[in-house]
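All values reported here derive from a predicted model rather than from experimental measurement.
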Amino acid sequence: MNLQKVDLNLLFYLDVLLREKNVTRASEQLGITQPAMSNILRRLRSLFNDPLLVRSSEGMTPTERAFELQPRIREVLSDISVLLEPRTEFRPYSTSRVFRIMTSDYAEATLVPRLVKALRSEAPNVILDFLTPSDVSYRDMEQGRVDLAINRFNEIPQSFHQVLVWRDTFSCLLSAESPYAHRFNLKNYLKAQHVWVSKTGMGVGFGVNPEKSGGLGSIDQALQRLGQKRQISVFTRHYQMPAMLAANKDLIATLPTRVARLQADNNSQIIVKEPPFFIPEFELTMAWSPLLQHHPAHRWLRQLILHVARQVIAEEEQVTRAEQASII
């Protein structure tokens, strides 16, 4: 194919079409008429020798070829954006840039305080706007409206970049006066009433169904593999609540270990116990749009977040070694 005869603007139009999956919405976003957008789609179909978008009961559905093209086109457009971007050195200490970061409640409790502390010394004029998973859609991220998402993802668009922040295990919080505090085994765990806490994924959350334990997350799935089911009395999406609720003698909260330790350190009425059954660890992941992959300020922020995460892990390992030495 002779590239001189190809209008490279068509790649930008195709990116919008595949994102919107609707000719009318794509034309509105691009500021052109619907007939013009329809003509562009015809040219794209001719260029790639594929329908790209076909009508279905759910509207316009991308073809297999379109699914293959989408992440590659996003990458090409990102590279072009870098080529055209003025070469200016990023200076963290003097920047007043606004960073919009979607964080889960878990990440806010464990990572964000340390990140803010680091930013106050390295980039004191930076403005941080933290959003919840319910505030953000994958489309917002894809278009670069949100700089980062830090969360536990069950699935994520293939075109996004992502990196592991850290892994965490689970622990149980219960009252120091709980009848199960000194005999914390599976039998007593199942006899107790429980606090369920979680908010993963993106978009607006909906009420859970207590009868469908398999859909309640990794803790209840682990119990289900043992043929067991816990009795959940309270459902919450906020990791600040379990410590207050676990102060009740008949309630147990099972939650990520880093949050459990933080809450126990601030509340002498509760204690931390290892779960009396195996729960797989989970991953906290940082994800971002390919549009922001090469941006100097964005690269700096990502590196700082990973540096802070490594500091947290190193300090925890140091405390663990000290505790083991004191036992010996």
Side-chain angles (χ1 to χ4, degrees), residues 92-93 95-138 140-141 144-154 156 160-171 173 197-203 205 217 236-244 253 255-267 272 281-289 292 295 297-319:
Y93 197 81
T95 186
S96 57
R97 179 187 169 99
V98 177
F99 287 107
R100 291 184 171 85
I101 307 174
M102 188 285 282
T103 56
S104 62
D105 197 53
Y106 164 78
E108 279 194 347
T110 56
L111 179 66
V112 167
R114 296 292 299 270
L115 173 61
V116 170
K117 183 178 180 180
L119 281 168
R120 299 318 300 157
S121 61
E122 294 197 27
N125 297 315
V126 155
I127 298 171
L128 297 172
D129 183 9
F130 289 106
L131 307 168
T132 71
S134 298
D135 297 327
V136 176
S137 68
Y138 283 127
D140 294 327
M141 285 187 59
R145 295 173 185 165
V146 178
D147 290 281
L148 290 168
I150 305 175
N151 201 358
R152 296 160 54 190
F153 296 101
N154 295 324
I156 196 167
F160 284 19
H161 294 275
Q162 56 182 307
V163 66
L164 175 69
V165 176
W166 64 41
R167 294 182 176 87
D168 202 355
T169 58
F170 287 88
S171 292
L173 283 181
V197 54
S198 181
K199 179 65 178 85
T200 60
M202 306 272 281
T236 179
R237 280 78 177 163
H238 302 284
Y239 281 103
Q240 299 304 317
M241 285 187 65
M244 295 181 287
L255 64 164
T257 298
R258 287 189 174 92
V259 177
R261 288 174 177 167
L262 284 171
Q263 296 197 0
D265 288 343
N266 296 321
N267 190 335
V272 179
E281 65 181 11
F282 68 89
E283 296 182 345
L284 183 68
T285 302
M286 177 167 59
W288 61 95
S289 166
L292 298 170
H295 194 286
H298 204 270
R299 284 203 308 267
W300 170 81
L301 178 63
R302 297 196 307 262
Q303 291 167 0
L304 180 63
I305 290 171
L306 294 178
H307 174 70
V308 169
R310 286 193 293 269
Q311 283 185 324
V312 171
I313 294 169
E315 290 173 9
E316 290 173 347
E317 291 174 346
Q318 187 176 6
V319 170

Which pairs, with at least one residue in residues 121-133 and sequence neighbours excluded, count as a side chain to side chain donor-acceptor pair (under 3.5 Å)?
-> Arg100-Asp129, Thr132-Asp135
Salt bridge (charged side-chain N to carboxylate O under 4.0 Å, His left out) partners of Arg97, counting only residues at least two apart | Asp147
Residues in side chain to side chain contact (heavy atoms under 4.5 Å, CB included) contact with Arg167, at least two apart in sequence or another chain | Leu164, Glu281, Glu283
Partner residues of Trp300 under the side-chain hydrogen bond (donor to acceptor under 3.5 Å, both in side chains) criterion, sequence neighbours left out | none
Residue list, side chain to side chain contact (heavy atoms under 4.5 Å, CB included) with Val116, at least two apart or on another chain = Val112, Arg120, Leu128, Phe130
Partner set under side-chain hydrogen bond (donor to acceptor under 3.5 Å, both in side chains) for Thr103, not counting sequence neighbours | Glu108
Sorted by chain and residue number, the side chain to side chain contact (heavy atoms under 4.5 Å, CB included) partners of Ser171 (sequence neighbours excluded) come out as Thr257, Ala260, Val272
Which residues satisfy the side chain to side chain contact (heavy atoms under 4.5 Å, CB included) test with Glu317, sequence neighbours excluded?
-> Ile313, Arg321
Establish, yes or no, whether a centroid distance under 6.0 Å links the rings of Tyr106 and Phe282.
-> yes
Phe99: partners by ring pair (Phe, Tyr, Trp, His ring centres under 6.0 Å), with sequence neighbours left out = none
Report the residues that fulfil side-chain hydrogen bond (donor to acceptor under 3.5 Å, both in side chains) with Arg114, sequence neighbours left out, ordered by chain and then residue number.
-> Glu315
Carboxylate-amine/guanidinium contact Arg258 Glu316, below 4.0 Å | yes
With Arg145 via salt bridge (charged side-chain N to carboxylate O under 4.0 Å, His left out) - residues at least two apart = Asp140
